[in-house]
Amino acid sequence: MIPTSSGMSQDALRTIFALQQAASRSQQAPAFERRREAIEKLCELVRTNATEIASAISTDFGGRSKSETELLEIVPTLSALRHARRHLRSWMRPERRPVDFAFQPARAWVQYEPLGVIGIVAPWNYPLLLTISPLLDAIAAGNRAMLKPSELTPRFSELLRVMIAERYDCSEIAVITGGVQIARSFASMPFDHLLFTGSAAVGRQVMRAAAENLTPVTLELGGKSPAIVCPDYPVEKAARSIAFGKFLNAGQTCIAPDYALVPYERCEAFAHRVLWEATRAYPDIAGNPDYTSIITEQHRIRLKAALDEARAAGATVLSHPDANADSEGKLVPTVVLGAPVDGGLLREEIFGPILPVVPYRSLDEALAFINTRPRPLALYCFTHDRQMRALVLARATSGGVTLNGTLLHIAQDALPFGGVGASGMGAYHGRDGFRRMSHTRAVHQIGFLNLFEHLGPPWGKLSSTVARFLSRR
Ligand code: NAD
């Protein structure tokens with residue numbers, strides 16, 4: 001089971017899966033104390049290795065801001081761990097459910113039981129948060145888990161493998177490293193649940209592979225998350241929030257505002273203000289450790305091609321003035337006015353530091369723009385007007401929403417996080433994650449008398465009288 005530089009072998013994957021599955025079938029669900037201990041160990045793992053984690057991720061990115069790793073990965077991961085530690089006992093409690101008069105005397109309840117072995121496939125953009133957060137939900141619910149981090153973050157993935165192997169037996173938690181081939185085999189294992197975070201294209205393949213085993217899936221995908229600036233909201237304030245959400249991690253955030261819908265007459269002022277905010281936050285791009293690089297040259301080429309296409313179609317491209325950023329694998333913050341509606345920038349998820357600004361003349365028009373596209377993972381709405389807010393919430397569906405800001409709904413441990421439609425299925429985090437990774441088992445306990453058994457067969461007058469009474473109630 002020694003990992004090679006290209007990752008683990010198929011044999012190691014199968015052996016670990018078999019170990020976990022056998023253990024999950026032969027051993028009782030872990031008690032509260034054992035689960036809390038497993039969570040404690042995760043807390044210690046993150047806390048004591050924070051510096052190494054940030055440096056491995058930075059190396060993988062070719063430059064990822066240390067503060068971003070701290071604030072967007074380490075802090076929310078520790079917060080989720082503490083939240084689970086605090087609430088686990090109450091989440092695990094069975095819940096009494098009412099029993100209808102016709103079935104008395106009896107008691108009914110649901111109890112949350114482990115599913116067994118959970119598979120977790122993670123992307124590269126927040127490699128710590130997107131492995132540990134689903135892992136936390138899996139172990140809080142008493143499961144065993146296997147993690148497959150991204151091949152695009154090889155240093156972090158190897159560090160994670162070692163940190164987990166030092167603390168947990170591989171029959172409990174194991175990290176499987178490797179590329180697409182091992183990822184494919186991973187998705188074809190008969191897990192009891194598979195949580196995949198990544199692109200919609202790979203999500204489809206994962207769901208197909210899972211269907212062969214009737215493995216239920218949670219798919220955390222991406223998409224084009226819109227930000228609507230309503231006419232009453234100060235453009236400067238909206239620009240600050242949107243620039244903040246867009247340029248963190250150089251736009252490589254699943255819930256980054258993908259594009260902004262802005263009243264027609266305020267588009268230009270808004271676009272310049274977003275760029276002003278970007279320049280204030282990142283005066284230089286080249287040599288600036290606060291500004292993150294694009295993960296691979298291939299992604300940079302894809303983003304530049306989308307910009308060239310927009311430029312060729314007559315769009316106005318406003319870019320951060322630092323022209324030296326190119327040499328460092330970075331892409332400068334860019335705002336685009338007049339991007340073609342059928343072009344790459346407004347068709348595909350951008351996943352980079354480019355913000356197209358789309359003009360609208362009425363809120364109806366803005367909502368129609370959103371609703372003719374696949375359902376987004378996040379929605380941002382900037383308004384102080386209650387009616388406008390209610391209209392946007394009622395008419396535009398999304399996985400989650402932050403009002404008058406960006407990104408922060410993901411950081412709320414008490415809120416579920418997930419997509420809808422093309423942006424994913426199923427949500428996790430906190431109690432919702434605990435339940436997602438549990439089997440909600442129905443239990444009905446009959447009291448001293450079971451009236452139903454006394455009605456027949458043979459069926460007679462008593463049964464028809466009771467049936468008539470029960471159906472008329
Ligand atoms: P990706 O789909 O290319 O890869 C994700 C993971 O899937 C990697 O670990 C990879 O090894 C694995 N994989 C690749 N091919 C596979 C296959 N055939 N079967 C099983 N697994 C396979 O995604 P990415 O480029 O790493 O991440 C970017 C995407 O992820 C964006 O679309 C983004 O919006 C999305 N994302 C979503 C969330 C969310 O929480 N909803 C969070 C972060 C990123």
Side-chain angles (χ1 to χ4, degrees), residues 72 76 123 125-126 129-130 197-201 203 219-230 233 238-262 270-271 274 277-278 299 302-303 306 333-336 339 341 343-360 363 366-383 389 392-412 415-429:
L72 307 178
N125 63 333
Y126 290 95
L129 182 67
L130 298 174
T197 306
S199 62
L219 298 181
E220 300 290 338
L221 311 176
K224 296 187 77 63
S225 299
I228 307 184
V229 182
C230 291
Y233 201 83
R240 181 168 189 140
S241 295
I242 292 171
F244 174 80
K246 184 70 177 185
F247 302 122
L248 280 182
N249 209 27
Q252 302 164 112
T253 303
C254 58
I255 52 166
D258 186 273
Y259 63 96
L261 285 153
V262 180
F270 172 81
V274 171
E277 285 292 349
H299 275 289
R302 169 183 66 81
L303 291 164
T334 302
V335 185
V336 181
V341 175
L345 282 182
L346 288 180
R347 212 182 46 232
E348 312 285 342
E349 177 181 16
I350 295 173
F351 223 57
I354 304 170
L355 182 79
V357 180
V358 179
Y360 71 83
L363 258 190
L367 292 167
F369 190 91
I370 295 171
N371 285 328
T372 48
R373 284 162 175 73
R375 295 193 151 153
L377 182 58
L379 174 77
Y380 303 108
C381 175
F382 293 86
T383 182
R389 185 170 63 215
V392 170
L393 286 178
R395 295 262 310 277
T397 294
S398 67
V401 181
T402 295
L403 300 169
N404 299 340
T406 55
L407 310 183
L408 292 186
H409 61 283
I410 196 176
Q412 309 312 308
L415 287 180
F417 178 73
V420 58
S423 58
M425 61 184 72
Y428 68 122
H429 285 194

Are the side chain of [X] and the backbone N or O of [Y] linked by a donor-acceptor pair below 3.5 Å?
X    : Y    : answer
K224 : L345 : yes
R302 : I350 : yes
S423 : P376 : yes
S225 : A378 : yes
K246 : P353 : no

Considering non-hydrogen atoms only, spot the tightest contact between [X] and [Y] and give its length.
X    : Y    : result
L355 : F270 : CD2-CE2, 4.0 Å
T334 : F247 : N-CE2, 4.0 Å
L221 : A200 : CD1-CA, 4.0 Å
S241 : F382 : CB-CE2, 3.6 Å
T253 : L248 : OG1-O, 3.7 Å
N371 : A396 : OD1-CA, 4.0 Å

How many angstroms lie between [atom1] in [X] and [atom2] in [Y], if you round to the nearest 0.5 Å?
X    : Y    : atom1 : atom2 : value
I410 : C254 : CD1   : SG    : 5.0 Å
L261 : C381 : CG    : SG    : 10.5 Å
D258 : E349 : CG    : CD    : 6.5 Å

Got [X] and [Y] here, is their nearest side-chain heavy-atom distance under 4.5 Å?
X    : Y    : answer
V229 : I242 : yes
V335 : V357 : yes
N125 : F351 : yes
L130 : P123 : yes
L379 : I370 : yes
F417 : E220 : yes
I228 : V262 : no
C230 : L363 : yes

Of all pairs that satisfy side chain to side chain donor-acceptor pair (under 3.5 Å), the ones with a partner from residues 402-412, not counting sequence neighbours: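 For residues 402-412, and leaving out neighbouring residues, the side chain to side chain donor-acceptor pair (under 3.5 Å) pairs sorted by first residue read T402-H409.
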
Donor-acceptor side-chain pairing of T197 and Y126 below 3.5 angstrom: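 Side chains of T197 and Y126: no pair found under 3.5 Å.
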
Within 45° cone and under 6.0 Å: R373 NZ/CZ vs F369 ring: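 Yes, R373 lies over the aromatic ring of F369.
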
Among L403, V392, V401, L407, the one residue meeting side-chain contact (heavy atoms from CB on, under 4.5 Å) with Y380: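 Exactly one option meets the side-chain contact (heavy atoms from CB on, under 4.5 Å) with Y380, and it is L407.
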
Partner set under salt bridge (charged side-chain N to carboxylate O under 4.0 Å, His left out) for R395, not counting sequence neighbours: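 Salt bridge (charged side-chain N to carboxylate O under 4.0 Å, His left out) check on R395 returns D364.
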
